[in-house]
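Just follow the structure's listing: the first ligand is 1, and inside any ligand the first atom is 1.
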Amino acid sequence: MFKKITFSFILISTCFLACNSSKKETVVSESDTKKNIPQTKPSLKNNFNNDFLIGAALNTSQIKETDTNAVTLIAKEFNSITPENDMKWEQIHPKENEYFFDVADAYVVFGKKHNMHIVGHTLLWHSQLAPWVNEIKDKKKLEHHIEKHINTVVGRYKGKIHSWDVVNEALNEDGSPRESLFYNVFGNESYLELAFRLAEKVDPEAQLIYNDYNLWKPEKRKGVIRIVENLKSKGIKIDAVGMQAHWSVEGPSIEDIENSIIAYSELGVKVMFTELDVTALPNPWELNGAAVEQSYERYEGDLKMDPYRNGLTDEAKEKITKRYEDIFKLFLKHRDKISRVTFWGVTDGQSWLNNWPIKGRTNYPLLFDRAFQPKEVYHNVLALKQ
Ligand code: 9MR
């Protein structure tokens, strides 16, 4: 999908306090029992329990529980989950009359078993769309298939999936509508209205989200405001804006992120950070004079582009730690507006950022290391809430 995207810097989204997934897990020690003081075991979900949900995107082996190390970590640390790939249209609805629900069903069972807030990702997205949908040129036909898709997928998990990324990445970097298949066939942005209307009709209790990257950008912010205001003016339900949050140690600025949190919240929707990770590696489009290219294959194996292959330097480690502290301080400042913070993955070794935009690099974007251990940055983030 990113091949088609020309953006200079991919920095690239309510709990619903009502949902029982955010209840504290209390652990009572023997001495506490004597004093009758319940203690909460430190973890991301427990420390931020009164602030927002803490989520992780799960890959297939985590969902299927074959990756037992990760599953232990997920159960201990997170109270919300998102399927990294397994509910995208090409996975769940690969052929016109063929659905593949096995992994999505297992995902929902996983979330229920661990009493988690369960996110559906994603209903309409131009990327990872089943090839047969890309062939549709007729508006009536596309409307029919969108309706069938949303009715079937949302219907199957009604009351089980608590929030949906209804539409993903509908905007260009300047806030104008992305000319996706949906936009082109409809001739305008009305496909968003259809998608949100349908999702609400099928499951009126589910939280409905518009999700996109780079939503800290002032130009792109205008596009989000247009979408949310349009839906609201037509009485269509939208509950939250999902800011993906694929960020780097260098940017975006805390100020830009904060301005977006405030602007979206003023629209009367919640803000969610749906896909948080922080890259420390150089990106090819940041090189002097480099143009955005279709492929960065020629950098594969180039050590200059993979400086921490054998481990982070102390300086780089400090930078990442400081960046995460700044980000979480901002989240805590706006905890009344933010309902969920989801990391895009669980451990560094499993992050998509080891293979994008250059394949085979060694990145450190999350709070758990390759051995499933909490990193120093994890403890610093937890310490913000002790
Ligand atoms: O992390 C996902 C990666 O494994 C897939 O190959 C990729 C395919 O496009 O999608 C990644 O997840 C994306 C998410 O679904 C939507 N926002 C951007 C994420 C990172 O690309």
Checklist line | Lys NZ or Arg CZ of R156 over F101 ring: under 6.0 Å, within 45° | finding: yes

Margin query: Just to be sure I'm reading this right: ignoring hydrogens, which of Q244, E84, K88 gets closest to atom 13 (C) of ligand 1? Compare them by their nearest heavy atoms.
Written below: K88

Checklist line | Sub-6.0 Å ring centroid separation between Y107 and F110 | finding: no

Note to self: Show me which atoms of ligand 1 lie under 4.0 Å from any heavy atom of E169.
What the structure shows: 16 (C), 17 (N), 18 (C)

Next item on the list: Please work out which of N85, N168, T82 has its closest non-hydrogen atom nearest to atom 5 (C) of ligand 1.
Entry: N85

Next item on the list: Please could you name the atoms of ligand 1 that W352 approaches to less than 4.0 Å, counting only its heavy atoms?
Entry: 1 (O), 20 (C), 21 (O)

Next item on the list: Using non-hydrogen atoms of the residue, decide whether W125 is closer than 4.0 angstrom to ligand 1.
Entry: yes

Check: Taking the six-membered ring of Y364, is the NZ or CZ of R370 close enough (under 6.0 Å from the centre) and on axis enough (within 45°)?
Finding: yes

Note to self: I'd like to check D165 versus L124 (side-chain heavy atoms, cut-off strictly below 4.5 Å). Are they in contact?
What the structure shows: no

Next item on the list: Determine, using ring centers only, whether F52 and F48 are less than 6.0 Å apart.
Entry: yes

Check: What part of W356 sits under 4.0 Å from ligand 1 if we count only heavy atoms: the side chain, the backbone, both or neither?
Finding: neither

